[in-house]
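Data block below; observations after.
Remember, it's a predicted structure, so these values are computed and weren't measured experimentally.
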Amino acid sequence: MVLTRSKSSLTQQQSTDRVNITVFGATGFTGKFIVQEIFRLQHERNISTAFKWAIAGRSKERLDSIAEAMAAKYPKTTMPQVVIADVSNRESIDIMARTSQVIINAVGPFRFLGEYVVRSCVENFCDYVDITGEPEFIERMQRTYHDQAVKSGITIVHACGFDSIPTDLGVLWTKNLYVEDNQMPTQMEMFFKLKTGPSGLRGNYATYESAVHGVSSVELLREIRKSSNLAPLPRPVGPKLKFHKWYNWDDELQAYVVPFVFADPSVVKLSQRLFLTGYGVTPSASKKALPPTVQFAAYTILPSLLVVIIYYMVLIIFGSLSSTPWGRSLLLKYPEFFSYGLFSRNGPTDQQLQETSFEVTLRAKGYSNKAPPAPGAQPNVDITTKVHGPEPGYVATPRMVVQAALALLEGKQQRDVPVGVLTPSVAFWQTDLIDRLQKVGIEFEQI
């Protein structure tokens with residue numbers, strides 16, 4: 001049976017029989033952008049000429065069509081193999097996993113479709129990254145498959161797109177600025193800002209669909225956390241970080257902010273608990289101190305009080321309807337109406353993608369030495385960093401997840417990546433992923 005195969009024979013098979021990366025969901029809205037990103041990197045000679053890859057999905061005709069279209073746009077590139085795979089056909093998913101070193105999964109909603117691929121990767125010795133932003137799915141996979149992944153020597157990394165590479169790695173990078181100066185961070189606030197142009201903003205229906213089901217699974221997420229065996233977060237060092245549960249005017253930013261309702265806070269919290277549990281240890285970092293733990297809060301920047309009012313009106317209606325089956329059906333039937341025009345089945349135009357960008361600002365406080373501060377001592381070292389890049393969902397996300405997959409390939413060979421079901425910062429803290437991201441336009445800078 002496959003599961004009894006030795007790690008040495010596995011390594012030999014991976015290096016000879018398997019493609020380096022398979023993009024699963026290659027004909028989907030985001031999947032096509034991921035395929036395009038790999039073609040682009042090959043065209044610009046940023047991937048080795050020995051690179052072997054595949055694209056996977058349900059329709060051979062559509063897969064062939066996208067491969068031919070991209071090859072015409074980016075000549076002198078390696079054509080991918082075409083793999084027919086469908087989550088409703090277990091054998092097809094297992095074949096895809098057995099013939100791949102790393103799978104990039106772009107098939108969602110992940111809470112319904114993602115586990116089939118995770119299970120197959122763990123059982124068939126294939127590493128995995130995805131673009132999910134669904135906390136319930138992430139934490140359920142971590143609890144269900146982590147031990148089995150460790151035994152198989154496999155690494156599963158969730159949230160490798162805009163959810164949640166910029167924030168999770170940004171927090172890690174900012175912590176390291178303190179550590180490099182023998183200082184101790186204690187709290188960090190994240191502020192997300194989306195910049196749009198004259199053409200406005202629009203998201204694809206699949207993202208909206210995931211959000212609808214995500215809101216409906218909040219209670220399940222609470223139950224998963226109650227039974228977690230991960231180390232709890234310690235009591236805060238220094239004063240407690242105040243979290244603004246409603247909107248707030250931020251004097252430093254000169255803007256209104258509201259709580260960030262997407263995956264980043266959950267992923268950062270999970271990352272810190274994984275580190276505390278010891279899941280970030282690798283052979284190359286067995287004696288290196290793990291990143292420190294900080295208090296964390298996340299917010300979205302809104303441009304005016306009027307937008308804040310509209311935002312809460314939409315949020316209340318969205319939350320109420322998503323709690324019932326008939327309400328979810330209504331939300332999914334009329335995405336443009338209930339999202340105030342932000343989502344549609346057609347997705348954004350090329351012009352909208354070109355005009356949109358994002359900024360993640362991280363405002364940190366800490367102490368000038370690593371020794372525990374005296375009771376009542378206030379933080380005396382402030383650091384502000386920024387992670388910014390192009391349109392987050394369909395331009396930045398493909399760049400992030402492809403670089404994560406490439407870093408995973410190389411990091412596993414160099415034993416710099418731990419095994420198990422992990423978050424980006426825990427999987428990649430000993431790799432060059434941040435440097436890779438800088439080279440593709442995802443910038444990390446200290447203000």
Please confirm whether the backbone N or O of Ala97 pairs with a side-chain atom of Ser100, one donor and one acceptor, at under 3.5 Å?
no
Can any side-chain N or O of Asp163 pair as donor or acceptor with the backbone N or O of Ala159 at less than 3.5 Å?
no
Note: Pro418 and Val281 closest approach over all heavy atoms is CB-O, 3.7 Å
Which of Leu305, Thr300, Leu302 passes side-chain contact (heavy atoms from CB on, under 4.5 Å) with Tyr247? Answer is Leu305
Can you tell if the side chain of Ile84 reaches within under 4.5 Å of the side chain of Leu63, non-hydrogen atoms only?
yes
Return yes if some donor-acceptor pair links the side-chain N/O of Ser120 with the main-chain N/O of Val117 below 3.5 Å, else return no.
no
Between Glu115 and Tyr145, is any side-chain donor less than 3.5 angstrom from a side-chain acceptor?
yes
So, the side chain of Ser164 versus the backbone of Thr167: is there a donor-acceptor pair under 3.5 Å, distance only?
no
Given side chains that start at C-beta, do those of Glu445 and Thr385 come closer than 4.5 Å, heavy atoms only?
no
Would you name the heavy atoms of Ser271 and Ser425 that are closest together and state the gap between them?
OG-OG, 3.2 Å
Are the side chains of Leu433 and Gln403 in touch, meaning some heavy atoms are under 4.5 Å apart?
yes
Any salt bridge between Glu123 and Arg98, counting N to O under 4.0 Å?
no
Rounded to the nearest 0.5 angstrom, the CD1-OG1 distance for Ile104 and Thr30 is 12.5 Å
Reported CG-to-CD distance for the pair Leu233 and Gln295, which is rounded to 0.5 angstrom:
10.0 Å
Tell me if the CZ atom of Phe243 is crowded by more than 12 foreign heavy atoms within 6.0 Å.
yes
For the rings on Phe338 and Phe318, is their centre-to-centre separation under 6.0 Å?
no
Taking the inter-plane angle between the rings of Tyr299 and His244 on a 0 to 90° scale, is it parallel (under 30°), tilted (30 to 60°) or perpendicular (over 60°)?
tilted
Leu290 side, atom CG; Leu274 side, atom CG - distance, nearest 0.5 Å
11.0 Å
Do you know which of Leu201, Val212, Thr207, Asn204 makes side-chain contact (heavy atoms from CB on, under 4.5 Å) with Phe343?
Thr207
Taking CZ in Arg58 as the centre, count heavy atoms belonging to other residues, nucleotides or ligands within less than 6.0 Å. Is the count above 12?
no
Nearest heavy-atom pair of Leu194 and Ser357: which atoms, and what distance?
CD1-O, 3.4 Å
Closest non-hydrogen atom pair, Ala364 against Thr174
CB-CG2, 3.9 Å
Heavy-atom donor-acceptor pair, Arg18 side chain to Gln101 backbone, under 3.5 Å:
no
Less than 4.5 Å apart, any side-chain heavy atom of Asp64 and any of Val82?
yes
Identify the heavy atoms of Lys32 and Ile66 that sit nearest to each other, and give their distance.
CG-CD1, 3.0 Å
Would Asp94 and Arg119 pass as an ion pair if we require N to O under 4.0 Å?
yes
Aromatic plane relationship, Phe137 with His158 - under 30° parallel, 30 to 60° tilted, over 60° perpendicular
perpendicular
Looking at Phe24 versus Tyr116, is the centre-to-centre ring distance below 6.0 Å?
no
Point-to-point distance, once rounded to the nearest 0.5 Å, from CD1 of Ile434 to CG of Leu172
5.5 Å
Using a cut-off of 6.0 Å, state whether more than 12 heavy atoms not belonging to Met79 lie near its atom CE.
yes
Using 30° and 60° as the class limits, which term best fits the ring planes of Phe260 and Phe262: parallel, tilted or perpendicular?
perpendicular
Min side-chain heavy-atom separation Val360-His388 under 4.5 Å:
no
Going by heavy atoms in the side chains, are Trp53 and Gln81 under 4.5 Å from each other?
no
Pairwise distance CG(Leu408) to CG(Asn20) - rounded to 0.5 angstrom:
11.5 Å
Do Asp130 and Tyr128 have side-chain N/O donor and acceptor atoms under 3.5 Å apart?
yes
Taking the six-membered ring where the residue is Trp, are the ring centres of Tyr279 and His146 under 6.0 Å apart?
yes
Salt bridge (Lys or Arg N to Asp or Glu O under 4.0 Å): pairs with one or both residues in residues 228-242, sequence neighbours excluded
none
Check the surroundings of atom CD in Glu91: do more than 12 heavy atoms from other residues, nucleotides or ligands lie under 6.0 Å from it?
no
Using the rule given for side chain to side chain donor-acceptor pair (under 3.5 Å), can you reason through Ser266 versus Arg225, listing the C-alpha separation, both sets of side-chain angles and the distance that settles it, and then say yes or no?
CA-CA 11 Å; Ser266 294; Arg225 288 174 175 171; 2.9 Å; yes
How long is the straight-line distance from CD1 of Ile34 back to CE of Met400, given to the nearest 0.5 Å?
12.0 Å
Which heavy atom in Ile93 sits nearest to a heavy atom in Asp86, and how many Å separate them?
CG1-O, 3.4 Å
What salt bridge (Lys or Arg N to Asp or Glu O under 4.0 Å) pairs are there with at least one residue in residues 187-212, not counting sequence neighbours?
Glu189-Arg363, Lys195-Glu359, Arg202-Glu336
Please assess Arg273 against Ser228 for the test side chain to side chain contact (heavy atoms under 4.5 Å, CB included), listing each intermediate value before the final yes or no.
CA-CA 10 Å; Arg273 295 187 68 187; Ser228 174; 3.5 Å; yes
Run Thr282 and Gln430 through side chain to side chain donor-acceptor pair (under 3.5 Å) and show every step you take.
CA-CA 8 Å; Thr282 65; Gln430 288 293 294; 5.2 Å; no
Short question: side chain of Gln352, backbone of Ser199 - any donor-acceptor pair under 3.5 Å?
yes
Under 4.5 Å between any side-chain heavy atoms of Thr78 and Lys52, yes or no?
no
Should we count CD of Glu61 as having more than 12 external heavy atoms under 6.0 Å?
no
Please determine whether a side-chain nitrogen of the Lys or Arg among Arg40 and Glu44 lies less than 4.0 Å from a carboxylate oxygen of the Asp or Glu.
yes
If you take the centroid of each ring, where Trp contributes its six-membered ring, are Phe110 and Phe112 closer together than 6.0 Å?
no
Criterion ring pair (Phe, Tyr, Trp, His ring centres under 6.0 Å) against Tyr256, the qualifying member of Phe191, Trp249, Tyr311
Trp249
Enclosure of Asp350 CG (heavy-atom neighbours >12, cutoff 6.0 Å)
no
Between Glu139 and Glu134, does the side chain to side chain contact (heavy atoms under 4.5 Å, CB included) criterion hold? Intermediate values first, please.
CA-CA 9 Å; Glu139 298 192 30; Glu134 303 167 38; over 6 Å; no
Worked verdict on Glu391 versus Phe358 for side chain to side chain contact (heavy atoms under 4.5 Å, CB included):
CA-CA 6 Å; Glu391 190 281 330; Phe358 78 89; over 6 Å; no
Salt bridge flag under 4.0 Å for residues Lys73 and Glu68
no
Heavy atoms, side chains only, cut-off 4.5 Å: are Phe444 and Leu169 in contact?
yes
